[in-house]
Protein chains: 2
Amino acid sequence: MTTKKATIKDVAREAKVSIASVSRVLNGLGGVTADTQDAVRKAAARLHYVPDSAARSLITGRTHTIGAVLPDLYGEFFSELIRGIDLAARARGLHLLVSSSHDGVEDAAAAVRTMRGRVDGMIILSEFVDGEFLDRNLPSDLPVVLLDSPVDSPRYPSINIDNIAGAQAMVKHLLDVGHDSVAFITGPAGNYDAQEREKGYRAAMSASAPDAPLQIVTGDFTEESGYRAGRELLALAKRPRAVFAANDMTAVGCLYAFKEAGVRVPEDIAIAGFDDILIARYVTPLLSTVSVSIADLGKSALLLLTELMEGKGPQGANTRTLRCDVVVRESCGAHKTNVATKQPPALV
Amino acid sequence: MTTKKATIKDVAREAKVSIASVSRVLNGLGGVTADTQDAVRKAAARLHYVPDSAARSLITGRTHTIGAVLPDLYGEFFSELIRGIDLAARARGLHLLVSSSHDGVEDAAAAVRTMRGRVDGMIILSEFVDGEFLDRNLPSDLPVVLLDSPVDSPRYPSINIDNIAGAQAMVKHLLDVGHDSVAFITGPAGNYDAQEREKGYRAAMSASAPDAPLQIVTGDFTEESGYRAGRELLALAKRPRAVFAANDMTAVGCLYAFKEAGVRVPEDIAIAGFDDILIARYVTPLLSTVSVSIADLGKSALLLLTELMEGKGPQGANTRTLRCDVVVRESCGAHKTNVATKQPPALV
DNA sequence: CGGCGGAACGTAAACGTTTTCATCGAAACT
DNA sequence: AGTTTCGATGAAAACGTTTACGTTCCGCCG
């Protein structure tokens with residue numbers, strides 16, 4: 001329809017006012033007669049005027065865009081995380097610039113740097129970033145919120161999942177149900193979440209079953225590693241009564257190993273995971289796990305970021321923690337109270 | 001570290017040259033002595049200079065950003081789609097601005113409009129858009145690629161999944177295996193994909209089993225609707241030998257309905273779905289389905305978009321179609337000759 | 001030796017806004 | 001009525017780039 005793109009000058013001419021007045025009207029700054037407002041609005045509509053965001057950014061220094069840096073976009077976790085961020089961002093009129101799939105620290109640095117100047121703030125979830133990394137790659141005045149990061153610096157507030165408490169609660173649950181020995185399948189060596197979950201396992205064991213031996217086999221968050229770990233556990237002289245895996249995919253792999261060997265779950269060995277991925281509701285038996293409200297994580301992150309962007313320093317603690325909940329299904333061998341949990345997640 | 005943000009002027013002063021030369025060097029335009037180049041590069045590095053993208057966009061009219069408009073970000077499909085787009089975009093040095101979760105046509109229009117001027121091109125997947133919608137909400141010179149859309153306009157090229165062929169192939173497979181009657185569970189009434197898949201079903205039936213009755217029950221892509229549809233099918237006087245569901249979630253719901261009723265799958269009734277979601281590999285029996293390379297869809301879309309952005313009109317047809325493949329697992333009751341080897345190592 | 005072409009580089013205009021400042025008239029005090 | 005105050009408005013500067021256009025200088029050919 002529009003032949004060329006209309007600028008603020010065109011609108012001013014059309015409305016027979018100055019460009020300053022047009023700007024005032026369109027930004028709702030006040031100090032303009034109702035008549036002028038009307039004239040400007042009409043003219044703008046007539047010309048299909050849309051303010052040029054580049055010019056606006058140039059002079060105001062704000063982009064109304066926030067950046068999300070993630071290690072990947074695939075999988076439930078990131079998918080839902082970014083959805084939570086996007087929803088909260090749109091509610092505030094902010095755009096979302098995403099960047100993912102960083103193979104190494106250099107790749108991540110490049111991603112972060114190219115976002116510089118294009119965003120008003122960033123939400124970063126990456127194993128590669130630490131305080132020094134940020135100091136080096138970002139302007140000191142750019143608000144940043146870290147997700148799921150061990151960094152504890154006053155300059156960079158972070159929001160973490162309460163892995164320790166969640167893991168601890170699940171292991172305690174397994175013990176309470178009557179499983180006197182609980183083994184643990186670890187996650188990748190360097191992974192922060194995995195380390196925290198192991199801490200929770202150790203804490204629960206030493207608190208509730210100080211005499212039971214600690215049985216720990218290594219995994220790496222993949223289903224395959226869970227399968228291997230399952231076979232390893234079966235080969236043990238003294239089999240554990242229950243297994244707590246660092247995440248759900250590992251638990252599922254372990255489950256298949258047991259099934260294959262004819263070991264019944266949960267009658268012979270109980271299994272529990274962490275994350276509450278969708279699959280947990282579709283395997284047989286239904287997988288007990290620890291659930292995290294990932295969308296909430298994204299939303300909280302964006303909220304904190306906007307506070308930062310509005311100049312409010314991080315109020316209160318600079319590290320917030322997100323609660324997680326034990327979800328009892330079938331695989332942990334507890335009484336089958338709530339089977340209704342296999343419903344798909346209709347809405348959030 | 002840096003006290004203030006350095007501008008091109010600062011670099012020019014530091015290197016004792018003009019800003020024009022700085023620009024030339026940094027953009028690799030040539031016409032500059034090796035000496036000057038060196039001086040500029042050194043100065044820029046010393047000051048941690050990063051060009052202001054807003055100023056650059058203002059004068060060049062390019063943002064090096066592409067926008068992705070999706071109905072949602074949740075679920076495997078969108079998750080992987082956006083990942084494919086992001087990967088391809090980064091490979092070309094383009095940024096990705098996402099916008100999702102549009103409840104209605106007005107919401108979508110607002111999203112599309114606010115992106116105007118912030119992006120060099122857009123990839124749109126939305127049931128709300130048609131040619132008229134785009135004409136109304138977008139500048140006529142903005143390159144756009146439509147995904148999975150019935151719009152067939154020379155101005156707006158689109159990339160579609162070959163739903164018809166995929167559905168047709170799957171239904172033919174079910175018939176070939178020996179199931180003489182195949183029922184169909186539909187998707188949401190207005191959904192384009194769902195309609196195409198139904199067409200495929202009808203085509204296969206009339207081609208390979210013209211005498212068999214068409215048994216069609218309605219669903220809406222949700223697991224619950226599949227469950228209801230399953231019960232409906234069981235109540236039928238003449239039960240079908242096989243069921244083809246418009247998507248995997250529906251198929252899974254149907255599967256549960258059968259299981260609950262003591263009907264064996266695939267011995268009593270075979271089931272097949274569409275999409276090849278992750279869950280298809282975890283239900284019992286393993287779900288046969290039609291797989292689509294979603295990441296490829298995203299990648300193709302971005303490729304086409306970049307061609308458009310570089311001025312090349314849509315070469316060849318303005319509608320491209322992406323192939324899909326029948327994945328034979330257990331639920332369709334075929335002989336387990338070709339158990340695809342791309343499965344996770346779990347259940348064998 | 002004079003003019004000429006071209007390479008290297010600088011000056012300044014342009015991009016489309018926001019915002020400060022000045023101007024002007026009218027309303028509101030004394 | 002004179003002065004002040006204030007609200008509405010416009011002119012112009014500023015934001016940080018890219019780029020068209022000059023300028024300078026050098027080597028080269030006639």
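To find a chain, count down the sequence lines: A is the first, B the second, and so on, and within it residues start at 1. Since this is a predicted model, take the numbers as computed values, not measurements.
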* Structure fact -> The side chain to side chain donor-acceptor pair (under 3.5 Å) partners of B:S158 (sequence neighbours excluded) come to B:T319
* Structure fact -> Taken in chain and number order and not counting sequence neighbours, the residues that satisfy side chain to side chain donor-acceptor pair (under 3.5 Å) with B:T306 are none
* Do any of residues 9-36 of chain B sit with a heavy atom less than 4.0 Å from DNA chain D, and if so which? -> B:I19, B:A20, B:S23, B:N27
* To do: Sorted by first residue and then second, give each side chain to side chain donor-acceptor pair (under 3.5 Å) pair with at least one member in residues 81-91 of chain B; sequence neighbours left out.
  => A:D72-B:R83, A:S100-B:D86
* Asked: Is any NZ, NE, NH1 or NH2 atom of the basic residue among B:E132 and B:R155 found under 4.0 Å from an Asp or Glu carboxylate oxygen of the other?
  -> no
* To do: Output the residues of residues 56-66 of chain B in contact with DNA chain C, where contact means a heavy atom of the residue under 4.0 Å from an atom of the strand; sort by number or write none.
  => B:L58, B:I59
* Asked: By side chain to side chain donor-acceptor pair (under 3.5 Å), which residues pair with A:D193, not counting sequence neighbours?
  -> A:N163
Ignoring hydrogens and angles, write down the donor-acceptor pairs under 3.5 Å from the side chains of residues 8-23 of chain B, residues two or more places apart or on other chains.
{"residue": "B:D10", "atom": "OD1", "partner": "B:R13", "partner atom": "NH2", "Å": "3.1"}
{"residue": "B:D10", "atom": "OD2", "partner": "B:T7", "partner atom": "N", "Å": "2.8"}
{"residue": "B:E14", "atom": "OE2", "partner": "B:R46", "partner atom": "NH1", "Å": "2.4"}
{"residue": "B:S18", "atom": "OG", "partner": "B:A20", "partner atom": "N", "Å": "3.4"}
{"residue": "B:S18", "atom": "OG", "partner": "B:S21", "partner atom": "N", "Å": "3.3"}

* Is there side-chain contact between A:I123 and A:I85, with at least one heavy-atom pair below 4.5 Å? -> yes
* To do: Under the side chain to side chain donor-acceptor pair (under 3.5 Å) rule, collect the residues that match up with B:N137, sequence neighbours excluded.
  => B:R113
Could you list the protein-to-nucleotides 22-26 of chain C atom pairs, N/O on both sides, closer than 3.5 Å?
none

* Structure fact -> First and last nt of DNA chain D near chain B, cut-off under 4.0 Å to heavy atoms, 5' to 3', are D:dG16 to D:dT19
* To do: For the residue pair A:Y156 and A:S149, establish whether any side-chain heavy-atom pair is separated by less than 4.5 Å.
  => no
Would you list the atom pairs, donor with acceptor, under 3.5 Å between side chains in residues 31-40 of chain A and any protein atom, with sequence neighbours excluded?
{"residue": "A:Q37", "atom": "OE1", "partner": "A:R41", "partner atom": "NH1", "Å": "3.2"}
{"residue": "A:D38", "atom": "OD2", "partner": "A:K42", "partner atom": "NZ", "Å": "3.0"}

* Not counting sequence neighbours, which residues clear salt bridge (charged side-chain N to carboxylate O under 4.0 Å, His left out) with A:D120? List them please. => A:R62
* **Residues A:E307, A:R320: salt bridge by 4.0 Å N-O rule** => yes
